[in-house]
Amino acid sequence: KQEVTQIPAALSVPEGENLVLNCSFTDSAIYNLQWFRQDPGKGLTSLLLIQSSQREQTSGRLNASLDKSSGRSTLYIAASQPGDSATYLCAVRRQYGGSQGNLIFGKGTKLSVKP
Amino acid sequence: GAVVSQHPSWVICKSGTSVKIECRSLDFQATTMFWYRQFPKQSLMLMATSNEGSKATYEQGVEKDKFLINHASLTLSTLTVTSAHPEDSSFYICSARDLKRGNTGELFFGEGSRLTVL
C-alpha cells in the first residue's frame with residue numbers, strides 16, 4: 001500500500017529565506033508525482049508535475065526533484081515571500097492505472113513566511 | 001493551466017436533507033473526474049472516480065447510495081450527499097484531467113465545497 005509522508009508538518013521562516021519541503025513515498029512504482037499548494041479553505045493549485053522518468057522540474061522560484069529509487073521528492077522554494085504562505089501537498093500517482101490512476105496524498109506541510 | 005469550477009463553495013444544510021455539488025471543467029473536456037474528501041489537518045482521500053457515461057467507481061468504505069455521482073457530460077460531474085448527517089460535514093474537492101494533455105496525468109482541482117450539516 002502506497003503511503004506518502006511529508007516532513008515537516010509545519011514550517012515558519014523569515015521572508016527571503018530559501019527552504020526545502022520533503023516528501024517520501026513507500027512504493028517506488030509511481031507514474032508521476034505532483035506538488036500542490038492549498039490556501040486555507042480553498043482547493044488545490046498544481047505547482048509542478050514530475051513524470052517518473054524525470055529527475056526535476058522548475059517553475060519560477062520553485063524547483064522539485066524526484067529520486068524514485070529512494071522514494072523521495074523535494075520542493076525547493078527560493079527567496080520565500082509572505083505570499084508563499086500556504087499548505088504544500090505532495091501526491092503520487094500509482095504506476096498501475098497509468099495516467100488514469102488516482103493520486104495518493106501526503107498530509108501536507110504548512111508553510112508560514114514571516115515579513 | 002486548465003480550470004475546474006465547483007459549486008457551491010459552501011453549503012449549510014439540516015440533517016436528513018440532500019445536497020448536490022457540481023464540478024465543471026470550464027475550458028477542457030474530461031472523461032474522468034475524481035471526488036475527494038478532506039477532513040481538517042488530514043490528507044485528501046479519494047472517494048470515487050467519476051466516468052462520463054458510465055457508473056462511478058467507489059473506493060472501499062465509501063457508500064455509493066450515500067454519495068451519488070453523475071457524470072452526464074464531458075464537462076460536468078455532480079456529487080449528491082443523500083440524507084446528510086453531521087458526520088458528513090467535510091471539505092469536498094473534485095479534480096479532472098485534461099484529455100488534450102495526453103498522458104501527462106496532471107490533475108486540476110476545483111476550489112472545493114465546504115459542507116456543514118447541522
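The sequence lines fix the lettering, A, B, ..., with proteins before strands; numbering per chain opens at 1. Every heavy atom of this structure was used, including side-chain atoms; hydrogens, water molecules and symmetry mates were not.
- Neither the backbone nor the side chain of B:Gln6 comes within contact range of chain A; no heavy atom of the residue lies under 4.5 Å from a heavy atom of that chain.
- Annotation: A:Arg55, atom CZ; neighbour count of heavy atoms from other residues, nucleotides and ligands within 6.0 Å does not exceed 12.
- Applying the disulfide bond (SG atoms under 2.5 Å apart) test to pairs two or more places apart or on separate chains, none has a residue in residues 32-79 of chain B.
- You'll find the side chain of A:Phe105 stays beyond 4.5 Å of the side chain of B:Leu46, heavy atoms only.
- Only the side chain of A:Gln38 comes within contact range of chain B, with at least one heavy atom under 4.5 Å from a heavy atom of that chain.
- For A:Leu89, the part sitting under 4.5 Å from any heavy atom of chain B is the side chain, from C-beta outward, and nothing else.
- In this structure, A:Lys1 does not pair ionically with A:Glu3, as no charged nitrogen and carboxylate oxygen lie closer than 4.0 Å.
- Environment of NE2 in B:His85: crowded, with over 12 heavy atoms of neighbouring residues, nucleotides or ligands closer than 6.0 Å.
- For the residue pair A:Ser73/A:Trp35, the side-chain donor-acceptor check at 3.5 Å is satisfied.
- Residues of residues 64-71 of chain B having a heavy atom under 4.5 Å from any heavy atom of chain A: none.
- Nearest heavy atoms, B:Met33 versus B:Leu76: CE-N, 4.0 Å.
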